[in-house]
Amino acid sequence: VATAGINPPTPSTVIVLGGGIYAKSSNLFLDNCEIADNYAFAYAVGGMLTSASSRGGGIYATQDTHLQSNGTVIRGNQCGATADRGTPYLEVANALGGGICWEASGALTLKNCLIVENSVYSNPHYGARGGGVWIDQGSLEVVQSTVANNVTSGDSYEPNSLYSGIGSNRMNIDTKI
């Protein structure tokens, strides 16, 4: 087949990270803060788009980030990904962590925090995970905190409040989930 000098389009991806806070190789200290009503939303339509992904409606962390939070409220944040079902090359649409998406190698420590009423939505394909918190790396400590009333919806239903891809030996949870 001859293309007569026409280069085929290159597949591409839409990624949105951190609606409220984006942290990369950082040390964060949040004391009596409110992270509220933020959103990270990815929408793919037409062309050569192969994926749409959003992560961390309230907070997104990557690489060697450490977060210590005391008395912080993370509420009403949204994370969503959707695509026109007619997008011909689409493979994945996903949303991870309505309140917090943790892809950092450092420690996430939440003390006396309230993580409520956050949501993730994905349509179609891969799905939504972790309406309140999604953690895939590092370590997690949750003490005297409430992680509740978070929502996960879309084509794939996963845990509403906390989704963890790390081993239980890296988690210390003394809280209401």
How far does [atom1] of [X] sit from [atom2] of [Y], to the nearest 0.5 angstrom?
X	Y	atom1	atom2	answer
Leu114	Ser69	CG	OG	11.0 Å
Leu96	Ser54	CG	OG	7.5 Å
Asp64	Ser26	CG	OG	9.5 Å
Leu28	Thr109	CG	OG1	11.5 Å
Gln63	Lys24	CD	NZ	4.5 Å
Glu34	Ile74	CD	CD1	10.0 Å

Backbone N or O of [Y] within a donor-acceptor pair of the [X] side chain at under 3.5 Å?
X	Y	value
Thr65	Ser25	yes
Thr72	Cys113	no
His66	Asn27	no
Ser119	Gly131	no
Asn77	Asn38	yes

Shortest non-hydrogen contact between [X] and [Y], atoms and distance:
X	Y	answer
Arg75	Asn118	C-OD1, 3.6 Å
Val120	Gly130	CG1-O, 3.9 Å
Ala95	Cys79	CB-O, 3.7 Å
Gly19	Ala40	N-CB, 4.0 Å

Which of Leu67, Val133, Leu140, Asp136 passes side chain to side chain contact (heavy atoms under 4.5 Å, CB included) with Trp102? Answer is Leu67
Exactly one of Ile115, Val143, Asn70 should register a side chain to side chain contact (heavy atoms under 4.5 Å, CB included) with Leu110. Which one does? Ile115
Is there a side-chain contact between [X] and [Y] in this structure, where contact means two heavy atoms from C-beta onward sitting under 4.5 Å apart?
X	Y	value
Ile59	Leu30	yes
Tyr22	Thr62	yes
Asp31	Phe29	no

Shared hydrophobic cluster for Tyr121 and Leu17 (ILVMFWY, side-chain gaps under 4.5 Å): no
Going hydrophobic residue to hydrophobic residue with side-chain gaps under 4.5 angstrom, can you get from Val147 over to Tyr60?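 No, Val147 and Tyr60 fall in different hydrophobic clusters.
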Would you say CZ of Phe41 has more than 12 non-hydrogen atoms from neighbouring residues, nucleotides or ligands within 6.0 angstrom? yes
